[in-house]
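Worksheet for the structure shown next.
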Amino acid sequence: MSHSAVSQAASLSVSTGNDRSLRRSIFKQNNSISFNSKSWASSLALNQRTTSIREAKRYTICMSVQQTSSSKVSVFPLELEDPKDPPLNLYKPKDSYTAKIVSVERAVGPNAPGETCHIVIDHDGNLPYWEGQSYGVIPPGENPKKPGAPHNVRLYSIASTRYGDFFDGKTASLCVRRAVYYDPETGKEDPSKNGICSNFLCDSKPGDKIQITGPSGKVMLLPENDPNATHIMIATGTGVAPYRGYLRRMFMENVPNFKFGGLAWLFLGVANTDSLLYDDEFTKYLKDHPENFRFDKALSREGEKNKRGGKMYVQDKIEDYSDEIFKLLDNGAHIYFCGLKGMMPGIQDTLKRVAEERGESWDLKLSQLRKNKQWHVEVY
Ligand code: FAD
């Protein structure tokens, strides 16, 4: 099943009086018509220079129009909406679930530093999860620190909705960056020290078995009690994974009990354009849901400079919009942070500075946000 477009045929009549220039301005020369953000094209050519007396007397132009709009994708089984609480730790390290790799695709362009893969895993409906949760993966082989014992579990944020990329509740997707080790002295890659689990995942092939635990985590769950809430989502790199799930649920899937009418604002920090993740999906939401979605990118290695002339990091984008962000937070917005641990000090410094400039105490504000459950952090 794919994200499809439907055509709707409709008949439209516009009263123009006898004013030919108005007729021309509404129906441009190419027989298309625009209202708000939507445009229609006529399926039959409209003859604006009609000489028919009967037509001219009607002072009304009728045209048959076709509107192309995006439809949301149906998902099943809808019973996945029923539980009141999220599934937690259905499978533990000593009793993990054997799932199967469906696909592994490089998710970044050729000029991205490093490799990130989008990995779809088939759990056949046995490992349900909610958006914002993580799976644990136990890579095959022996734990070098505990001979005879399996490797420790590595956690990965789930990048799909509970219905998975095939909308049938049977798969989960991960967004995994291959951990590569470069010797600080020689600058050369040392494969013996490459990350075990991320390399296992990025090298796996369709049909390969994979040991999964979880799902785990509650801190990044989407608070669903208010469908009109504001969600400010801040990510570096693979930290975008949970937001892909949120945004699919908000804008791509037709979930009868979750009709999103709020604002989702994504700040994504990566190195360059080739490192952007899921950019086509996000760009489409911008086009289809301009009132409900905002998307700001910080490309640190692409020449864009922050206010102080330095590289543009995600905290600099936050600073650019700090007034709006603070107002939204004051009005109850949720703010999420996901990605590398290193992103937090810079962001916290920025927020603290902005708060002080506004004459507010950041410490007080932060404790209030935490108390109100508006503050969601998952960094690694
Ligand atoms: P490990 O084998 O654990 O190695 C860790 C690092 O040490 C690597 O960089 C490796 O190169 C280096 N290293 C190995 N040997 C040496 C040595 N002798 N000397 C110096 N360095 C060495 N990651 C994602 O990619 N996507 C996600 O969505 C994601 N979500 C996460 C969610 C949570 C809640 C958490 C806690 C973590 C998440 N992670 C995610 C990180 C992930 O769990 C792993 O930590 C990451 O993939 C690295 O694991 P690894 O097995 O590949 O590396």
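One-based numbering, in listed order, for ligands and for the atoms of each.
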ask   = Taking the six-membered ring for Trp, is the centroid-to-centroid distance between F167 and F76 below 6.0 Å?
value = no
Proximity of F260 and H289 rings by center, below 6.0 Å = no
Is there any protein N/O under 3.5 Å from an N/O of ligand 1, and what does the full list of such pairs look like?
unit_1   : atom_1 : unit_2 : atom_2 : d
ligand 1 : 2 (O)  : R154   : NH2    : 3.1
ligand 1 : 2 (O)  : I196   : N      : 2.9
ligand 1 : 3 (O)  : R154   : NE     : 3.4
ligand 1 : 3 (O)  : R154   : NH2    : 3.0
ligand 1 : 11 (O) : K193   : O      : 2.7
ligand 1 : 13 (N) : K193   : O      : 3.3
ligand 1 : 25 (O) : R177   : N      : 2.9
ligand 1 : 26 (N) : C175   : O      : 2.8
ligand 1 : 28 (O) : S157   : N      : 3.3
ligand 1 : 28 (O) : C175   : O      : 3.4
ligand 1 : 30 (N) : S157   : N      : 3.2
ligand 1 : 30 (N) : S157   : OG     : 3.4
ligand 1 : 39 (N) : L155   : O      : 3.2
ligand 1 : 43 (O) : L155   : N      : 3.4
ligand 1 : 43 (O) : L155   : O      : 2.6
ligand 1 : 47 (O) : Y156   : OH     : 2.7
ligand 1 : 51 (O) : R154   : NE     : 2.8
ligand 1 : 51 (O) : R154   : NH2    : 3.3
ligand 1 : 51 (O) : I196   : N      : 3.3
ligand 1 : 51 (O) : C197   : N      : 2.7
ligand 1 : 52 (O) : I196   : N      : 3.4
ligand 1 : 52 (O) : C197   : N      : 3.4
ligand 1 : 52 (O) : S198   : N      : 2.9
ligand 1 : 52 (O) : S198   : OG     : 2.5

Between Y285 and F251, ring centroids under 6.0 Å = yes
key: Under the side chain to side chain contact (heavy atoms under 4.5 Å, CB included) test, residues paired with R106 that sit two or more places apart   = V108, E115
message = For the residue pair D280 / T283, report whether a side-chain donor-acceptor contact shorter than 3.5 Å exists.
response = no
task = Compute the centroid of each ring, for F295 and then for W265, and state whether the two points are separated by less than 6.0 Å.
result = no
